[in-house]
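Here the structure is a predicted model, which means the values were calculated and not measured.
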Amino acid sequence: MMMILGVPAPLLFGQVLLGLINGAFYALLSLGLAVIFGMLNIINFAHGALFMMGAFCSWMLLNYVGIGYFPALFLAPLIIGIFGLVLEKTIISRLYKLDHLYGLLLTFGMALVIEGLFRNAYGSSGMPYRIPDMLQGATNLGFMYMPNYRGWVVLVAVIVCLATWAIIEKTPLGAKLRAATENAPMVQAFGVNVPRLITFTYAGGVALAAFAGVLAAPILSVNPNMGTSLITTVFAVVVIGGMGSIMGSVVTGFGLGVIEGLTKVFWPEASATVVFLVMVIVLLTRPRGLFGKSA
Amino acid sequence: MFGFTRTQTIAFLVMLVLIALAPFFLYPVFLMRVLCMALFACAFNLMLGYVGLLSFGHAAYFGMGAYITGWTMKFWHVDASVAIALGGLTGAILGLCLGYLAIRRSGIYFAMITLALAQMVYFFCLQAPFTGGEDGIQQVPRGKLFGFIDLSNDMTMYWVVASIFLAGFLLIHRIIHSPFGQVLKGIRENEPRAVSLGYRTDDYKLIAFVLSCTLSGLAGGTKALVFGIATLTDVNYPMSGEVVLMVLLGGLGTVFGPTMGAMILMTMENYLAEFGAWVTVIQGVIFMVCVLAFRRGVIGEIGGLFKLKL
């Protein structure tokens, strides 16, 4: 068996792949957080809860309506996105004139409500979601066996991240969005409907979280707590990357996932804390984050 | 001496009388829980209400204080006063280390960093052998205070807890009304200006943070002694959320708000315990209502109604 640094190669690559998958979730979630923060100046604490709702939505579609994985990949983000749209219109939009901290507190309250309701309805033990038949099994890559579903998650996540980047950086809509992030009143003066832009930005960020939730459903068990355990790590990722650039969030997300995976191989005890340790190092050396603009 | 206005003096005396009479009408253990959480909330208010920095990880200092007090009582058999002081010291040291990192950013980032650092402490507690993992440190003896006051009696314990709470409460009040406290408020209102006046704002923020963490550790240690238990619940993030809620509900930046908030929330939890997971939902709803319609909190609203500074 091939060995790398005293570790069997398949184990190493396996953990790197797992790391990439976690990284995919980090990237999708921190991307959504960054986009929402840019427009709304709010850190969406409910992001983890909405990620969880995405997973539950796909589970419900399968078990109550009989709609399978692939349609759910589009439907769940759409449904949760509409939910986010309603949230923004009815509740969050009342806060824009207040200190940023109130947004954090409000969305924290929303997360508690959403998770509490799901815990009441479904308990906290978690429900399995079967990997779709098409993506069952594994492929021999020569140096390791890759479970097809895991490869699929990484591939799709990368595509969605790139698509989001392209929309924001390369389309007229994205140009308006970036302009409104810089100076909303000015953009409004040019006749752009900024409040609507804000609403759809929030819905879009939420849809990204829900999309990640659907991807996660077959890997993590679908349970009401799946979001919160992830969101604190995602916050650390956001601090490390800084929220200035889209590509920055994506690269940081995947990178930290891989670092976490490698830590599982070489120093298993630290795997839960390594992201936070990286955050400490970044804070000491480059407080504004790797890709952040100056404070 | 403590910078109370006349209404505040009256309110303080009312609180004093209530604390003195309450154990004769209500269950002392419940009251001790309220007082511990009230001290925790007052300590937290020092940061959020007077420096304007939202720390979303105060459970780390509270919980670590609880662990250290519990551990030293159970395995080193130290005096109760030493154990509680060590709880406070733990909060101070941890606050100094993590605060040094966190104050490098402000606003929303400060909240995220403190949360992430607290989560790191949580994972540490989950894995470290001395915390007892999921079981926590159980059956912590209450022991003796100063070698001769036996704390196993609930009433004796109550007077001790009440004294600790009052000492902490007055200390915080003294800090806020000292020249140091005035600078903190100045930083809250306009940090660049404070810098331009020559204040090293980072130092001020860090000192305030350490003070807040010390008192949080003290509150956690006292709680561990009262209930004889220190668990992961004390150090996990819902506890951080709870203390934010207490302060928000009672009134941000008010003197009596955090105590009031702790009282309301603890009473609520006491009566709602049988509803299980609904408690989380109700807490979440209170959070949202407070932020949307009730930002001054109970004490803030009462003060506003009668034009008093409470």
Side-chain angles (χ1 to χ4, degrees), chain A residues 33 37 41-43 45-46 49 91 94-95 98-121 123-124 224 228-229 231-240 242-243 269-277 279-280 283-284 287-289 292 295, chain B residues 48 52-57 97-98 100-128 188 236-238 240-242 244-245 247-248 252 275-293 295:
Chain A
L33 278 180
F37 182 75
N41 267 324
I42 275 181
I43 277 292
F45 215 117
I91 302 175
R94 292 161 195 270
L95 289 182
L98 298 173
D99 194 294
H100 302 176
L101 294 179
Y102 284 113
L104 183 77
L105 295 176
L106 178 82
T107 48
F108 178 71
M110 281 183 351
L112 287 182
V113 172
I114 293 172
E115 281 174 6
L117 289 176
F118 273 88
R119 217 170 291 146
N120 276 323
S124 25
T228 11
S229 41
I231 198 69
T232 42
T233 316
V234 172
F235 278 174
V237 172
V238 166
V239 173
I240 294 167
M243 286 189 285
E269 294 81 14
S271 63
T273 41
V274 69
V275 174
F276 303 114
L277 290 174
M279 183 185 81
V280 169
L283 280 175
L284 285 171
R288 65 197 150 104
Chain B
L48 181 56
L53 285 175
L54 171 62
S55 156
F56 225 101
C97 299
L98 302 189
Y100 176 73
L101 296 166
I103 55 155
R104 288 161 176 264
R105 301 298 302 268
S106 56
I108 213 90
Y109 279 97
F110 183 84
M112 287 197 287
I113 291 166
T114 44
L115 174 66
L117 290 171
Q119 200 65 11
M120 190 167 82
V121 173
Y122 169 75
F123 281 123
F124 168 75
C125 291
L126 190 65
Q127 292 174 340
R188 176 188 68 185
N236 204 0
Y237 80 92
S240 300
E242 203 160 291
V244 182
L245 184 54
V247 174
L248 190 65
L252 261 181
F275 292 104
W278 284 108
V279 175
T280 325
V281 179
I282 294 168
Q283 277 186 354
V285 171
I286 297 178
F287 245 113
M288 291 168 67
V289 171
C290 278
V291 172
L292 288 172
R295 279 183 291 277

Any donor-acceptor pair under 3.5 Å linking the side chain of A/Thr232 with the backbone of B/Ala116?
-> no
Region of A/Ile91 in contact with chain B, defined by heavy-atom distances below 4.5 Å | both
Which bit of B/Leu252 comes within less than 4.5 Å of chain A, counting heavy atoms only: side chain, backbone, both or neither?
-> side chain
Only counting residues at least two apart or in another chain, list the ones meeting side-chain contact (heavy atoms from CB on, under 4.5 Å) with A/Ser124.
-> A/Arg119, A/Asn225
Contact part of A/Leu283 toward chain B, heavy-atom cut-off under 4.5 Å: side chain, backbone, both or neither?
-> both
Please lay out, stage by stage, how B/Arg295 and A/Leu98 fare under the test side chain to side chain contact (heavy atoms under 4.5 Å, CB included).
-> CA-CA 10 Å; B/Arg295 279 183 291 277; A/Leu98 298 173; 3.2 Å; yes
Could you list the donor-acceptor pairs under 3.5 angstrom formed between side-chain atoms of residues 101-115 of chain A and any protein atom two or more places apart in sequence or on another chain?
| residue | atom | partner | partner atom | Å |
| --- | --- | --- | --- | --- |
| A/Thr107 | OG1 | A/Ile43 | O | 3.2 |
| A/Thr107 | OG1 | A/Phe45 | N | 3.0 |
| A/Thr107 | OG1 | A/Gly103 | O | 2.8 |
| A/Thr107 | OG1 | A/Leu104 | O | 3.1 |
| A/Glu115 | OE2 | A/Thr228 | OG1 | 3.4 |

Between chain A and each of B/Tyr100, B/Tyr237, B/Phe124, B/Phe56, count heavy-atom pairs under 4.5 Å; write down the option with the most.
-> B/Phe56
Give, as side chain, backbone, both or neither, the part of B/Val244 having an atom under 4.5 angstrom from any heavy atom of chain A.
-> side chain
Stepwise side chain to side chain contact (heavy atoms under 4.5 Å, CB included) test for B/Met120 and B/Leu117 | CA-CA 5 Å; B/Met120 190 167 82; B/Leu117 290 171; 4.1 Å; yes
Engaged part of B/Phe110 at the chain A interface, taking heavy atoms whose separation is under 4.5 Å = neither
Side chain to side chain contact (heavy atoms under 4.5 Å, CB included) assessment of B/Val121 paired with B/Leu98 = CA-CA 10 Å; B/Val121 173; B/Leu98 302 189; 3.9 Å; yes
For B/Ile286, is it the side chain, the backbone, both or neither that has a heavy atom under 4.5 Å from a heavy atom of chain A?
-> neither
Specify which of B/Ala118, B/Ala102, B/Gly284 makes the most heavy-atom pairs with chain A at under 4.5 Å.
-> B/Gly284
Interchain contact, B/Tyr122 with chain A, by part (heavy-atom threshold 4.5 Å) | neither
How long is the gap from CZ on B/Phe123 to OG1 on A/Thr273, to the nearest 0.5 Å?
-> 8.0 Å
Output the option from B/Ile282, B/Ile113, B/Val285 having the highest count of non-hydrogen pairs under 4.5 Å with chain A.
-> B/Ile113
